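Data first, discussion second: the structure below is written as structure tokens.
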Protein chains: 2
Amino acid sequence: MATKKAAATRERLSSRTGSPGTGSRGAANQRADALRNRAKILAGAVTAIRKNPDASVADIAAEAGVGRQTLYGHFRTRPELIDAALLESLERAEDVLSEISLDGDARDAFQRLVASSWVFVDQSRAVLAAAQKELSPGRIRELHEKAEARMRGLLERGQAEGAFRSDLPVSWLLTTTHVVLNGAAEEVRTGKLDPDDAPWFIDAILLPAFTHDAHSEQGR
Amino acid sequence: MATKKAAATRERLSSRTGSPGTGSRGAANQRADALRNRAKILAGAVTAIRKNPDASVADIAAEAGVGRQTLYGHFRTRPELIDAALLESLERAEDVLSEISLDGDARDAFQRLVASSWVFVDQSRAVLAAAQKELSPGRIRELHEKAEARMRGLLERGQAEGAFRSDLPVSWLLTTTHVVLNGAAEEVRTGKLDPDDAPWFIDAILLPAFTHDAHSEQGR
DNA sequence: ACAAAATCAAACATGCAAGTCCGACTTATA
DNA sequence: TATAAGTCGGACTTGCATGTTTGATTTTGT
């Protein structure tokens, strides 16, 4: 019967009840430093997990420069923390990506989108991997929806206009884009690729691959 | 002072002392069932880890249909087990891959190599991921050496002969091949791609991407 | 069939990460 | 400047995975 304090604090802080829907984190009456710490924790989670995919909650708290209890005050469980971190990460990407014009030549639009995307892919891939261990696949897909839909839509339009080859399903083009982006991110992380060169390298692979060649090789 | 039995048994079984060099597993005088179990454990490790990348030693033993103690009789520690499993996995791949002719047209040879490689990539990727958490990077690279050198050599020859574009470093072509193979494996695993179609899909991406086009897009 | 080799089940010790609870301390805000 | 909100360090429980040990039991090779 003396267990009210922590619970009450958490309730005040989190203000996130019910279903894990999209946002609904109406920060009603949080104190300024509480919000600041919440942000620090989220940022710390991303960088800590990038260093070590299996980072413990203690590691994350340390990385954020905050006590473990404080962290638990904001996020009840580890999955909840990971979920929030991934959400944050993707939302920040969405802020930038949603501004990009997808009009005009599909190939040019694709280049623009890729150039802006690959950095976020790099930042999110670690926390994404962590999330895949603790979150439901449905939740994962839900969080990715917007970003994936944008790229898929562009690829479909490109196919319809003849800018991209149509002998391969969009899903495969999408997957290919995905893995090449990730590959470039990994190469940058291990120092084998200059970040500034990355967009060019990616385009150099993807554009020829996605463009229908008259003298295609697969005729054998 | 009564700790000799298990240790003695292990010593007899493992017969693998000293540096983690290449092989040196001279199976001198193992009993038939011991060797059989060793094989079962190795196979079990691969499938168990494919199901769950964080499979515990108990999980692996169960998957292999063998007691946990028996497993520890063959492999002293978890890392040692993972190492052996990865080694096994790569050696079996090597058996097949080393038979493939790399002569003739570089593009054809590349297609042959890819067609045979991608299955093994699928089988090894989970174990590889597990290994990266417990083994030293040097050891990992050491185990991959042969397979990677073969592919790299082929790509280099292809560049020299003009079959493959030379405006990108071989390392990037290698990485690209790697990630596309992995991507295809993942798509097959989730049922989104027919295993029989995989080689074609892979070639359809990689060959155009690696072939120098006269009307290249990156001129902007 | 007999001794050595290998297996098994069960119990044990250890360590680490998650999550909880407490009491004292600091900071924001009215 | 009070009071509520938030933070901090530390101690604690619980659960799970690693690795060890023991002794009984089965299998193999000869």
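In what follows, every chain begins at residue 1, and chains take the letters A, B, ... in the order their sequences are listed. Only a predicted model underlies this, so the values are computations on that prediction, with no experimental measurement involved.
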Checklist outcome for this item: In short, B:Gln159 meets B:Leu173 closest at the heavy-atom pair NE2-CD1, 3.8 Å
Please write out the pairs of protein N or O atoms and N or O atoms of nucleotides 27-30 of chain D separated by less than 3.5 Å, giving the distance to one decimal.
unit_1: D:dT27; atom_1: O2; unit_2: B:Arg31; atom_2: NH1; d: 3.1
unit_1: D:dT27; atom_1: O2; unit_2: B:Arg31; atom_2: NH2; d: 3.1
unit_1: D:dT28; atom_1: OP1; unit_2: B:Arg36; atom_2: NH2; d: 2.8

Item to check | salt bridge (charged side-chain N to carboxylate O under 4.0 Å, His left out) assessment of B:Glu186 paired with B:Arg125 | outcome: CA-CA 10 Å; B:Glu186 178 66 17; B:Arg125 59 200 234 93; 2.3 Å; yes
Item to check | Nearest-Å distance for atom pair CD1/P, residues B:Ile60 and D:dA17 | outcome: 12 Å
Checklist entry - For A:Phe201, what residues pass the ring pair (Phe, Tyr, Trp, His ring centres under 6.0 Å) criterion, not counting sequence neighbours? => result B:Trp172
Item to check | B:Gly183 to A:Thr175 - nearest heavy-atom pair and separation | outcome: O-CG2, 4.3 Å
Next on the checklist: If the threshold is 4.0 Å, N to carboxylate O, is there a salt bridge linking A:Arg50 and A:Glu63?
Outcome noted: no
Checklist entry - Once you round it to whole Å, what is the distance between P of D:dA17 and CZ of B:Phe75? => result 20 Å
Checklist entry - Under 4.0 Å between a side-chain N/O of A:Asn37 and OP1 or OP2 of D:dG6, yes or no? => result no
Checklist entry - For B:Arg76 and D:dT21, what is the distance between atoms CZ and P respectively, to the nearest whole Å? => result 13 Å
Next on the checklist: How close do A:Val46 and A:Ser89 get, counting heavy atoms only, and between which atoms?
Outcome noted: CG2-OG, 4.3 Å
Checklist entry - What is the distance, rounded to the nearest whole Å, between atom OH of A:Tyr72 and atom C1' of D:dG10? => result 15 Å
Checklist entry - Below 4.0 angstrom from OP1 or OP2 of D:dG6, is there any side-chain N or O of A:Thr70? => result no
Checklist entry - Within this structure, what is the CD-to-P distance between B:Glu80 and D:dT18, rounded to whole angstrom? => result 14 Å
Next on the checklist: As a test of reading the structure: which of C:dA18, D:dG9, D:dG19 is closest to the side chain of B:Arg78, going by heavy atoms?
Outcome noted: D:dG19
Checklist entry - D:dG6 C1' sits how many Å from A:Ile41 CD1, rounded? => result 11 Å
Checklist entry - Taking all atoms of both residues into account, what is the closest heavy-atom pair of A:Ala130 and A:Ile82, and its distance? => result C-CG2, 4.3 Å
Checklist entry - Is there a donor and acceptor pair closer than 3.5 Å between the side chain of A:Arg68 and the base of C:dG19? => result yes
Item to check | Length of the line joining A:Leu35:CG and D:dA5:P, which is rounded to integer Å | outcome: 15 Å
Item to check | Whole angstrom value for the distance that separates P of C:dA9 from CG of B:Leu71 | outcome: 13 Å
Checklist entry - Pick the nucleotide of DNA chain D nearest each of A:Gly67 and B:Pro79; which residue has the one closer to the 5' end? => result A:Gly67
Item to check | Closest nucleotide among D:dA11, D:dG6, C:dA18 to the A:Ser56 side chain | outcome: C:dA18
Checklist entry - Within the structure, does a side-chain N or O atom of A:His74 lie under 4.0 Å from either OP1 or OP2 of D:dT7? => result yes
